[in-house]
Engineer: 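For reference, the structure I am asking about is given below.
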Number of protein chains: 2
Amino acid sequence: MATTPISGRQKNRRQENEKAILWAAERVFAEAGYGGATMQLIADLAGLPKANIHYYFQTKEELYRRVVSNIFNIWLEAAAFDETASPAEGIGAYIDAKMDLSRTHPHGSRVWASEVMHGAPIIQDYLEDVLIEWTEGRIGVIQNWIDQGLMNPISPRHLLYLLWATTQHYADFGHQIETLNNGEPLSDAQWEDAKNSVKAIVLTGIGVTDPHRGV
Amino acid sequence: MATTPISGRQKNRRQENEKAILWAAERVFAEAGYGGATMQLIADLAGLPKANIHYYFQTKEELYRRVVSNIFNIWLEAAAFDETASPAEGIGAYIDAKMDLSRTHPHGSRVWASEVMHGAPIIQDYLEDVLIEWTEGRIGVIQNWIDQGLMNPISPRHLLYLLWATTQHYADFGHQIETLNNGEPLSDAQWEDAKNSVKAIVLTGIGVTDPHRGV
DNA sequence: AAAGTTCTTGACCAAACGGTCAGGAAACCG
DNA sequence: CGGTTTCCTGACCGTTTGGTCAAGAACTTT
């Protein structure tokens with residue numbers, strides 16, 4: 001009775017090992033890039049022999065693809081906005097959500113950025129399917145807001161690019177930001193400051209003022 | 001007399017070869033990352049045997065360092081703003097200049113982004129010396145504008161980050177933007193559109209309106 | 001034209017890479 | 001328990017990598 005014979009012990013182990021490998025792979029791919037990452041480094045960080053990594057993920061590319069698609073799904077699920085909200089609420093909440101993602105998932109953001117920067121050789125299909133559809137949906141929402149006179153008539157597409165660029169910058173260029181912050185990571189207060197600054201510029205820029213603040 | 005025996009023929013050749021190698025290296029590093037780039041690929045693209053590359057640049061790291069520092073210098077020289085201009089003129093021109101750089105030097109921008117994203121292992125000294133100084137100077141300029149009441153009191157630092165992020169996004173994520181543009185590169189008109197959209201959001205966002213346009 | 005310097009290059013390493021495999025250990029199931 | 005499947009891993013392999021080298025070609029200088 002000391003060792004409770006849990007049914008599905010193997011299944012648990014499998015999940016844990018896959019999780020550990022994906023966790024390690026995300027970090028190694030983020031720090032070294034796809035080409036610079038080695039299966040040995042991933043194995044060491046995951047605390048498993050290299051051959052075991054290949055038992056769960058047959059090739060480096062398969063492992064990488066899993067890492068990238070995980071990130072993409074997190075990003076899609078965690079951050080969206082729809083037409084039920086006002087522009088100030090919708091875009092404000094989107095900025096908050098994406099800034100939080102940059103803080104909690106910086107490695108993932110960097111893997112994604114690296115992949116896109118190098119021409120998206122592995123996940124081009126994601127771009128062409130899911131991302132195009134998502135983007136066109138959001139452009140429609142913003143255009144509706146404009147048509148209803150709820151915000152300035154700026155190009156929805158370029159507004160989206162500005163939002164992506166700015167929020168992800170805090171993850172992708174986190175090292176540069178840290179260097180410009182005396183080598184220290186941003187504190188809680190500094191993250192709040194960053195979020196508020198971005199929201200102040202963008203919400204004013206599109207002609208909606210934060211309803212909870214006078215100027 | 002058919003072949004004019006130019007003195008310094010070797011010197012010319014040296015310059016041309018170094019130029020060709022740096023040109024090729026910038027592209028290969030941008031497309032494959034530091035780890036994924038191979039000296040053989042660079043050699044092939046430069047049209048020289050691999051051993052010759054090593055004659056001009058002893059190691060891969062030395063070549064890479066030259067590429068990155070070239071980019072950094074172009075970026076510093078081509079884009080700046082000082083207090084002689086108004087915020088609208090200064091920041092507007094800065095956006096124009098950086099957007100143009102993103103269009104004309106996308107590879108360089110990507111190499112720089114990759115390097116910073118992976119923790120700046122090679123050019124950390126640049127970040128700590130030149131970039132910190134440059135940034136603090138620009139923050140001072142913006143703070144002066146704010147103190148004189150010429151623009152809204154937003155955080156100069158986060159405004160800079162937003163400007164860097166947004167303008168460089170058009171180079172670093174150019175592939176994604178292209179995919180979202182039916183696989184076509186942005187046309188001249190679309191680039192103008194992008195520049196105007198960014199300027200419209202940012203200049204309105206900081207409380208200065210483009211003097212040459214009514215709302 | 002001879003001597004000296006710089007440049008060029010095919011052939012060649014040692015090291016590191018992604019991936020394989022056989023055979024043993026552990027867990028599951030009847 | 002015994003049979004079957006799943007999991008684990010040290011040793012190994014072919015390939016590619018960054019880098020070297022020696023011998024010759026090209027250019028410069030005297």
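Every chain is numbered from 1 and lettered A, B, ... according to where its sequence line falls, protein lines coming before strand lines. Everything quoted here is computed from the prediction, not taken from an experiment.
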Engineer: Who passes salt bridge (charged side-chain N to carboxylate O under 4.0 Å, His left out) against A:Arg157, sequence neighbours left out?
Structural biologist: none
Engineer: Have a look at the helix from C:dA1-D:dT30 to C:dG30-D:dC1 and give the angle its two end axes make, five pairs each, rounded to 10 degrees.
Structural biologist: 10°
Engineer: Quick test of your reading of the model: are B:Glu62 and B:Arg65 salt-bridged, counting only N-O distances below 4.0 Å?
Structural biologist: no
Engineer: At a heavy-atom distance below 4.0 Å, what parts of residues 18-25 of chain A sit against DNA chain C?
Structural biologist: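 Heavy-atom contacts with DNA chain C come from no residue of residues 18-25 of chain A; none.
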Engineer: N/O contacts under 3.5 Å, protein versus nucleotides 9-12 of chain D?
Structural biologist:
residue : atom : partner : partner atom : Å
D:dT9   : OP2  : A:Asn52 : ND2          : 3.4

Engineer: Nearest whole Å is fine: how far is C:dA11 P from B:His54 NE2?
Structural biologist: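 In whole Å, C:dA11 P lies 18 Å from B:His54 NE2.
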Engineer: Under 3.5 Å, is there a donor-acceptor pair linking the side chains of A:Asn73 and A:Glu77?
Structural biologist: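 Checked: A:Asn73/A:Glu77 side chains show no N/O donor-acceptor pair below 3.5 Å.
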Engineer: With sequence neighbours left out, what residues match A:His158 under ring pair (Phe, Tyr, Trp, His ring centres under 6.0 Å)?
Structural biologist: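 A:His158: ring pair (Phe, Tyr, Trp, His ring centres under 6.0 Å) contacts with A:Tyr161, B:Tyr170.
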Engineer: I'd like to check the salt bridge (charged side-chain N to carboxylate O under 4.0 Å, His left out) partners of A:Asp188; sequence neighbours left out, ordered by chain and number.
Structural biologist: A:Arg103
Engineer: Check whether B:Lys199 reaches the backbone of B:Ala93 with its side chain - one donor and one acceptor, N or O, closer than 3.5 Å.
Structural biologist: no
Engineer: Write down the distance between CD (B:Gln58) and P (D:dG19), rounded to a whole number of angstrom.
Structural biologist: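 Taking atom P of D:dG19 as the reference, CD of B:Gln58 is at 10 Å.
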Engineer: Taking B:Asn196 for the side chain and B:Glu192 for the main chain, is one N or O donor matched with an acceptor at less than 3.5 Å?
Structural biologist: yes
Engineer: Under 4.0 Å from any atom of DNA chain C, heavy atoms only: list the residues of residues 59-67 of chain B that qualify, in numerical order.
Structural biologist: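 Heavy-atom contacts with DNA chain C come from no residue of residues 59-67 of chain B; none.
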Engineer: A:Asn17 has an atom CG; how far is it from atom C1' of D:dT6, in whole Å?
Structural biologist: 12 Å
Engineer: Side-chain N or O of A:Arg13 versus OP1/OP2 of D:dC8: is the shortest distance under 4.0 Å?
Structural biologist: yes
Engineer: Would you find more than 12 non-hydrogen atoms of other residues, nucleotides or ligands less than 6.0 Å from B:Glu128 atom CD?
Structural biologist: yes
Engineer: Measure the distance from CD on B:Glu16 to C1' on D:dA26 and round it to the nearest whole Å.
Structural biologist: 15 Å
Engineer: Side chain to side chain donor-acceptor pair (under 3.5 Å): which pairs involve residues 175-185 of chain B, sequence neighbours left out?
Structural biologist: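 Found A:Gln124-B:His175, A:Gln124-B:Thr179, B:Asn181-B:Gln190.
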Engineer: Using the test salt bridge (charged side-chain N to carboxylate O under 4.0 Å, His left out), find all partners of A:Asp82 that sit at least two apart in sequence or belong to another chain.
Structural biologist: none
Engineer: Less than 4.0 angstrom between a side-chain N/O of A:Arg14 and OP1 or OP2 of C:dA27, yes or no?
Structural biologist: no
Engineer: Heavy atoms within less than 4.0 Å of DNA chain D: which residues of residues 30-37 of chain B have one? Give them sorted by number.
Structural biologist: B:Ala37
Engineer: For residues 15-32 of chain A, please give each side-chain donor-acceptor pair under 3.5 Å, one per line with the distance, not counting sequence neighbours.
Structural biologist:
residue : atom : partner  : partner atom : Å
A:Asn17 : ND2  : A:Tyr56  : OH           : 3.2
A:Glu26 : OE2  : A:Gly108 : N            : 3.4
A:Arg27 : NH1  : A:Trp23  : O            : 3.3

Engineer: How about B:Thr135 and B:Trp164: do any of their side-chain heavy atoms sit closer than 4.5 Å?
Structural biologist: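 Sidechains of B:Trp164 and B:Thr135: in contact.
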Engineer: Distance check needed: C:dC13 P versus B:Met39 CE, whole Å only.
Structural biologist: 21 Å
Engineer: Measuring only between side-chain heavy atoms, which start at C-beta, is B:Val68 closer than 4.5 Å to B:Ile122?
Structural biologist: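 A side-chain contact is absent here, since even the closest heavy-atom pair is not under 4.5 Å.
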Engineer: Which nucleotide sits closest to the side chain of B:Tyr56: D:dG18, C:dG19, C:dT8?
Structural biologist: C:dT8
Engineer: Run the side chain to side chain donor-acceptor pair (under 3.5 Å) test against B:Tyr64 and tell me which residues pass, sequence neighbours left out.
Structural biologist: B:Glu115
Engineer: Does B:Gln143 have more than 12 heavy atoms from other residues, nucleotides or ligands lying within 6.0 Å of its CD?
Structural biologist: yes
Engineer: Are any of the side-chain heavy atoms of B:Ile177 and B:His169 separated by less than 4.5 Å?
Structural biologist: yes
